[in-house]
Amino acid sequence: MTVSLDRAAAGGLSARNLEHLDEHMQGYISAGKLAGTLTIIYRKGEVAHWSAQGQRDRERGKPIADDTIFRIYSMTKPIVSVALMQLYERGLFQLDDPVHRYIPSWKDLRVYQGGIYPNFQTKPCERPMTVRDLLTHQSGLTYGFMVHSNVDAAYREVGLGLAGSYSLQDMVDRLAELPLDFSPGTAWHYSHATDIVGYLVEVISGQRLDAYLQERIFRPLGMTDTGFWVKPEQADRLATNYRAAQGGGIEVLDDAATSTYLKEPTFLSGGGGLVSTAEDYLRFCRMLLGQGQIEGARILGRKTLQLMTANHITGGKSIADAAISDRWREPSHAGSGFGLGFAVTLDTADGQVSGTPGTYYWSGAASTHFWIDPVEEIAVVFMTQYMSLAAETRYNLARELRAIVYGALD
């Protein structure tokens, strides 16, 4: 898709300044740091900028197209959080409900004190884990890839990876046998919590997570290419996923032609399992920007969305102040809190990032990113496929995008 200069102007953006965005991303592509990118800027009811650059499959010379399918990883989290909050709107649970009400085997969870798997010393939780703790990453759970404690080492020992041949029920059962990293509500730590949010959607709704999302979110929003796997008729549109190569450049991490996403998964990860297109994800963002509705489809109530985009970190802290891992103490997280499924900008000066307080956002592990700025009426979706969990190979793409986009406001 190409967007005219008139369209950019109608959205209150300088087309000339937006040329910097394409030049900037082309620099990453020309340097061999990214294979391709797709950026959409939506403002005041208009697609003000839509730019597809580079290749979705560098090895086969296939270009990024408007309908390219991307692994969105943790950009799954806001969608699944919205799904659970739809059930909240039906009066089926409360945020302060103990999680063990829905997962009885979690009633006697304990907190790590010392030792290594399987010989842990533990203590009782200060209070039970609540549903809000899961939605806000204050649950005490962790991720095995964090590599910061003996608890996440235990996750690796019992086979709890980002993906696997286990089911959601298997994950719940394995976590019941392991201690928490900290007592719920006392700190912030990124974790498998949203996978458990997906499990709660199943328990409370009585439907499988994929079926619920299809019926209640994807179909009403017209998100026709979003799901937990890539079906045969979609396969040619899947992008290859890359990582940093030793000595510079990128190398294939997950080949589009042989990807695990070409098979229906056993594990429906509410924390990171979805694939989507930029256009599909924009429809989700437009619904958020429309206070829970788009084109007559009401997905969420206006007040529920306001609740979700408030800072819920205990004591009103930022992510950086509440985090137990150095990974989350970088400047941008100093200026952000966390709501029910989204990070929320609290102070742009503290975060040293362009934007507006109240903006909410999140990213995916393959360097995808989105944000919603209700004040400026902006939704931005950025797609690429570059996987980096290591600080030394991560790029500041999200912050750079913000600087360019906000610099283009007329």
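Count residues from 1 along the sequence.
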- [ ] Measure the spacing between CD1 of Ile204 and OH of Tyr88 and express it to the nearest 0.5 Å.
- [x] 12.5 Å
Open item on the list: Would you compute the distance between atom CH2 of Trp106 and atom CD1 of Ile196 and round it to the nearest 0.5 angstrom?
Closed with: 4.0 Å
TODO: Could you walk me through whether Ile69 and Tyr261 pass side chain to side chain contact (heavy atoms under 4.5 Å, CB included), step by step?
DONE: CA-CA 11 Å; Ile69 295 174; Tyr261 283 88; over 6 Å; no
Task: Parallel, tilted or perpendicular: rings of Trp371 and Tyr406 (30°, 60°) - done: parallel
Task: Expected output: side-chain Ser183 to main-chain Thr186 donor-acceptor under 3.5 Å - done: no
Task: Heavy-atom neighbours of Arg399 CZ exceed 12 at 6.0 Å - done: yes
Task: Under 3.5 Å: donor-acceptor pair, side chain of Thr194, backbone of Val197 - done: no
- [ ] With sequence neighbours left out, write down each residue that passes side-chain hydrogen bond (donor to acceptor under 3.5 Å, both in side chains) with Trp362, or none if nothing qualifies.
- [x] Tyr190
Task: Option from Tyr73, Tyr395, Tyr242, Tyr28 for which ring-ring contact (aromatic ring centres under 6.0 Å, His included) with Tyr386 holds - done: Tyr395
Task: Side-chain (Arg71) to main-chain (Ala239) donor-acceptor, under 3.5 angstrom - done: yes
Open item on the list: Checking the side chain of Arg216 only, and the main-chain atoms of Ala83 only, is there a donor and an acceptor separated by less than 3.5 Å?
Closed with: no
- [ ] Could you check if a side-chain atom of Leu180 sits within less than 4.5 angstrom of a side-chain atom of Met129, using non-hydrogen atoms only?
- [x] yes
TODO: Verify whether one side chain among Asp225 and Thr277 offers a donor that lies under 3.5 Å from an acceptor in the other.
DONE: no
Open item on the list: Can you see whether Thr359 engages Thr345 through a side-chain donor-acceptor pair at a distance of less than 3.5 angstrom?
Closed with: no
Task: Any donor-acceptor N/O pair, Arg43 side chain to Gly12 backbone, under 3.5 Å - done: yes
Open item on the list: Any carboxylate oxygen within less than 4.0 angstrom of a Lys/Arg side-chain nitrogen, looking at Arg56 and Asp67?
Closed with: no
Task: Test item: Gln86 side-chain N/O and Ile299 main-chain N/O as donor-acceptor pair under 3.5 Å - done: yes
Open item on the list: Rounded at 0.5 Å granularity, tell me how far OH in Tyr155 sits from CG in Leu175.
Closed with: 5.0 Å
Open item on the list: I need the Thr142 OG1 to His192 NE2 distance, nearest 0.5 Å.
Closed with: 8.0 Å
Open item on the list: With a 3.5 Å distance limit and no angle check, can you tell me whether Gln55 reaches the backbone of Ala35 through a side-chain donor-acceptor pair?
Closed with: no
TODO: Check the pair Ser81, Met308 against side chain to side chain contact (heavy atoms under 4.5 Å, CB included), reporting the backbone distance first and the verdict last.
DONE: CA-CA 9 Å; Ser81 298; Met308 293 183 72; 4.1 Å; yes
Task: Intermediate values then yes/no, side chain to side chain contact (heavy atoms under 4.5 Å, CB included), His137 and Ile313 - done: CA-CA 9 Å; His137 295 288; Ile313 295 180; over 6 Å; no
Task: Side-chain heavy-atom pair Leu268, Glu202 within 4.5 angstrom cut-off - done: yes
- [ ] Indicate the atoms forming the closest heavy-atom contact of Thr384 with Phe70, along with that distance.
- [x] O-CD2, 3.9 Å
Task: Minimum heavy-atom distance between Thr130 and Leu95, given as atom pair plus value - done: CB-O, 3.6 Å
Task: Heavy-atom side-chain proximity of Val82 to Met85 below 4.5 angstrom - done: no
Task: Which atom of Ala343 lies closest to which atom of Ile319, heavy atoms considered - done: CB-CD1, 4.3 Å
Open item on the list: With a sphere of 6.0 Å drawn around CD1 of Ile116, does it hold more than 12 non-hydrogen atoms of other residues, nucleotides or ligands?
Closed with: no
Open item on the list: Would the distance check show the side chain of Gln121 and the main-chain N or O of Gln113 forming a donor-acceptor pair, the cut-off being under 3.5 Å?
Closed with: no
Task: Lys/Arg-Asp/Glu bridge criterion (N-O < 4.0 Å) met for Asp280, Arg283 - done: no
Task: Close side-chain approach of Leu397 and Glu400, heavy atoms under 4.5 Å - done: yes
Task: Phe93 six-ring centre to Arg101 NZ/CZ under 6.0 Å and within 45° of normal - done: no
Open item on the list: Treating Ser30 as the side-chain partner and Gly27 as the backbone partner, does any N or O pair qualify as donor plus acceptor under 3.5 Å?
Closed with: no
Task: Worked check of side chain to side chain donor-acceptor pair (under 3.5 Å) between Asp173 and Gln169 - done: CA-CA 6 Å; Asp173 293 343; Gln169 185 64 57; 3.0 Å; yes
Open item on the list: With heavy-atom distances below 4.5 Å as the criterion, would you say the side chains of Tyr281 and Pro78 are in contact?
Closed with: yes
Open item on the list: If I compare all heavy atoms of Ser354 with all of Ala403, which pair ends up nearest, and what's the gap?
Closed with: OG-CA, 3.8 Å
- [ ] Report, as yes or no, whether the 6.0 Å neighbourhood of atom NZ on Lys44 holds more than 12 heavy atoms from other residues, nucleotides or ligands.
- [x] no
Task: Distance-only side-chain donor-acceptor flag, Glu376 / Thr356, under 3.5 Å - done: no
TODO: Determine whether Lys231 and Trp229 make a side-chain contact, defined as any pair of heavy atoms from C-beta on separated by less than 4.5 Å.
DONE: yes
Open item on the list: Looking at every non-hydrogen atom in both residues, tell me the closest pair between Val99 and Val131 and how far apart they are.
Closed with: CG2-N, 3.8 Å
TODO: Could you walk me through whether Thr368 and Gln385 pass side chain to side chain contact (heavy atoms under 4.5 Å, CB included), step by step?
DONE: CA-CA 7 Å; Thr368 58; Gln385 297 284 258; 4.1 Å; yes
Open item on the list: As an exercise, state the distance from OG of Ser336 to CG of Asn311, rounded to the nearest 0.5 Å.
Closed with: 9.0 Å
Task: Nearest heavy atoms of Ala310 and Val344, plus distance in Å - done: O-CG2, 4.2 Å
Task: Neighbour count above 12 (heavy atom, 6.0 Å) for Arg302 CZ - done: no
TODO: State yes or no: are the ring centers of Phe120 and Tyr112 separated by less than 6.0 Å?
DONE: yes
Open item on the list: Check Glu251 with Arg243, please: is the shortest side-chain N to carboxylate O separation under 4.0 Å?
Closed with: yes
- [ ] Kindly compute the distance separating CD1 (Ile41) from CG (Leu282), expressed to the nearest 0.5 Å.
- [x] 11.0 Å
Task: Modelled atom types, side-chain donor and acceptor of Trp50 and Asp66, under 3.5 Å - done: yes
Open item on the list: Once you measure the plane-to-plane angle for Trp328 and Trp188, does it fall in the parallel (<30°), tilted (30-60°) or perpendicular (>60°) bin?
Closed with: perpendicular
Open item on the list: Donor-acceptor pair, distance only, cut-off 3.5 Å: does the side chain of Arg402 make one with the backbone of Ile404?
Closed with: no
Task: Derivation and outcome, side chain to side chain donor-acceptor pair (under 3.5 Å), residues Asp326 and His148 - done: CA-CA 9 Å; Asp326 288 340; His148 93 108; over 6 Å; no
Open item on the list: Quick one, Thr314 with Gln138, criterion side chain to side chain donor-acceptor pair (under 3.5 Å). Give me CA distance, side-chain angles, the key distance, then yes/no.
Closed with: CA-CA 9 Å; Thr314 302; Gln138 297 180 102; 3.1 Å; yes
Task: Electrostatic pair Glu279-Arg237, nearest N-O below 4.0 angstrom - done: no
Open item on the list: Between Asp254 and Ser259, does the side chain to side chain donor-acceptor pair (under 3.5 Å) criterion hold? Intermediate values first, please.
Closed with: CA-CA 6 Å; Asp254 184 34; Ser259 174; 2.6 Å; yes
